[in-house]
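Written below as C-alpha cells is the structure these notes are about.
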Amino acid sequence: MLERTCIIHTFQEFPSFILRIPQGRFSVAAECVNHAKISESYVTHGLRHSPNFVRQKHSNMIRFNPVVKVSGFARVQSVRLSEKTMAKTAVAHGFLTNIADVTLFIMRVARETFSRRFEFNEFMRQCFQIGNKSLPLISVTGIIMGLVLTIQSRPALIRFGAVTLLPGMVAVSLIREMGPVITALICAGKIGSGMGAELGSMKVTEQIDAMEVSSTNPMRFLVVTRVLAATIMVPLLILYADALGIAGSWVGANLKGDVTFFLFFSQAFSHIRFSDFLPAVIKSFFFGAVIGLVGCYKGYNAGRGTESVGIAANSAVVLASLLVIIVDMIAVQVTDMLF
Amino acid sequence: MKPEQPVTKAEKTPGIIGNEPVIAISKLRKSFGKQEVLHDVSLKLMNGENLVVLGKSGSGKSVLIKCIVRLLFSDGGTVSVFGKNVMTLNDEELSEVRQKIGFLFQSSALYDSMTVRQNLEFPLRRIWRGLSEKNIEDKVHEVLENVGLADALNKMPSQLSGGMRKRISLARTIIVDPLVMLYDEPTTGLDPVTSDEISILINEVQKKYKTSSIIITHDIRCARSTANRIIMLRDGVVYSEGNVTDYEKTTDPVIKSFFQ
C-alpha cells in the first residue's frame, strides 16, 4: 500500500513521529493531525494499546485509530538517531578530555622536573636501563642501516658516475634523517613499550599508590626520571647508531670495492656540514622526550585490570612511533626554513 | 543489635583504648559516575584501637580507607586525621600526615624491581632523611625479625609466596613507626593458617608499636582475632557497630549470614 508521511511534534517521549497514512484516507489523517495537539495523550496511548483500549478512553477519536499507524520502524530510527548523536557527543567529549589530560600531564612533568628534590639515583638507573640495555639492539640496527643503504645506493651512483660520492651521501643521509628516525622508531618500540608496561603493571598492582602513601611523589620518582633519561639517552643512542651506520657503510663499500677505513671516513665527514648535524641532534632530543612522555603517560594512566597493561604498552608504541614521524616532519619543515 | 546503633563504645575498654579519636570521618560520600559507593559514612577510630570494617565485596570498604590517605578524593563530608581534614591539605601537609599512616595494600604492592632490602629501605630513606647507613641496616633487620622473615633480605618479591609478600609488605609499613595502620584485606587470598599468622602479626604490631588500626576485611576469623570494635558497611552506609560478642549474639539476618 502506498503511504504518505507527516510528522507530529507533540509527543513528550520522542521528538517526532512519522505517521504512515494509507492513501485514500488522507482527509481523515489530516484531521487526526489537527487533533493531535489537543488529544496528545490519546495518540500517545493509542500507539501503545489496542484499539479497544483507545475506544473506551477516547470515543471521539475512534474513527482515526485504524488509519493512524505509527511505524515501529520510524520509532526505532528516531531512537537510533538519538543514540548515534549521544555516542558521537561522548566520543568528542572523550577526545577533548584526553587532550586536557595529556596537557595536564605534560605540565605536571614540567613542574616536577624543576622541583627541589630531584631523584638523581633513579634518574641514573633509568639512564642505564634506557641507554646501556638498548645498545645491542641499536648496534645491530645501525650497522645494518649503513650496510643496506650503501649496497642499495651503489648501483645507482655507478650509473651516474658518482660512486666517489657514496661515503658522503651515506653519511649525510644517516646523520640528517635515517639515523635519527629509524633509531627513534626502534627506541619507541623498546623504551616506550617498556615504560608503558612497567608503569601500567605498577598501577595495576597498587605499587604507585604504595609509593604515594609512603610520601614519595610517584610523578617525580617514576615519570620525571624516565622522561629525562629518555630525552638524554635517545640522542646519544642516535649518535651511536649514526657512527655504526657509517662503519657499516664502509663494510658495504668493501664488499664490492676496496677503500680504506681512513679514506672512507675522511670522505664521509668532508661532506657533512654543521647544518646537517645540528638540526638532527636537536630533533633527536624531541624524539626522546616524546617517547618518554608517551610511554609514561600510557603506563601511568593505565586501567585497573591486567589487560590494561598490554593495552598501555601497545598504545605507547603506536602513539610514540606516530609522534616521532610527525615531529620529524615538523623538524624537516623548520630546518628547511632556518638552514 | 539494631543496625546503625552503636552498641559498644570504644571508650568502654579503659587502659587499652584512649578517648581521643585519631581518625574522624563525618558524612563521607563517594561516587564513581552514577554509582554511589559511600553514602554519609561516619566513624571514629580511637587511639590504640583496632577497628574492623566488615562488608561484602563492593560495599565501599577499600574506598573508605583510600579516602583516609587521600588516594581518592571524597565527594562530600570530612576525613579528619590527627585533627586535620586531609581533603583540604596541600601537598606538604598531606605528606606529613601520610608519614604517620601505614597502609598495607591488598595486593602487598611490593616494588617488583627492588629486592626485599630495597623495598624496606625505600620509605625509610624518604621519610627519615639523614639516617645513617648503620641505623637503616639495623631498622631493616629489626622489622624483618618482627615479621619472622630475617632470611629474605636479598630476595626479589617474585621469589616470595603470598604470605611472605604480605609479611614483607607489613614490615615495609611498620619500618617508619606509623601511628595509624590501615590494612586493606590483609588475609585475602591466604590459607587459614597463614591468615591466622597475619592476624597475630596485626595484634603484635598494635602492642609493640602502639598503633591504632583500621582493618578492612570480610574474613570473620581475622575480624574475631583482631577487632576491638567492628563496623559493618552495607550498600555504602554504616549498617551496624559493636564488638565481636555483640555481632555473634545478634539476630539480624544480614549480620548472622556473615558470622555463620
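Convention: sequence-line order gives letters A, B, ...; per-chain numbering from 1. Excluded from the calculations below are hydrogen atoms, water molecules and symmetry mates; all remaining heavy atoms, backbone and side chain alike, are included.
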Taking atom types as modelled, find out whether B:Thr78 and B:Asn85 have a side-chain donor-acceptor pair closer than 3.5 angstrom.
no
Locate the shortest heavy-atom distance separating B:Arg165 from B:Ser158; write the atom from each residue and the value.
NH1-N, 4.0 Å
Crowding at CD, A:Glu307 (>12 non-hydrogen neighbours, <6.0 Å)
no
Which region of A:Glu122, side chain (C-beta onward) or backbone (N, CA, C, O), has a non-hydrogen atom less than 4.5 Å from a non-hydrogen atom of chain B, or is it both or neither?
neither
In short, B:Thr226 meets B:Asn203 closest at the heavy-atom pair CA-OD1, 3.6 Å
With a 4.5 Å heavy-atom cut-off (strictly below), which parts of residues 209-223 of chain A touch chain B? List them by number.
A:Asp209, A:Ala210, A:Met211, A:Glu212, A:Val213, A:Ser214, A:Ser215, A:Thr216, A:Phe221
Is the positively charged end of B:Arg98 above the ring of B:Phe103, judged by distance under 6.0 angstrom from the centroid and angle within 45° of the axis?
no
Check: residues 90-108 of chain A side-chain donor-acceptor pairs under 3.5 Å, at least two apart:
residue  : atom : partner : partner atom : Å
A:Thr97  : OG1  : A:His93 : O            : 2.5
A:Thr103 : OG1  : A:Ile99 : O            : 2.6

With a 4.5 angstrom heavy-atom cut-off, is it the side chain or the backbone of B:Leu110 that approaches chain A, or both, or neither?
backbone
Do the numbers put B:Arg126 on top of the ring of B:Phe122, so that NZ or CZ is under 6.0 Å from the six-membered ring centre and no more than 45° off the axis?
yes
Most heavy-atom pairs under 4.5 Å with chain A, out of B:Ser107, B:Ser169, B:Pro123, B:Ser113, belong to B:Ser107
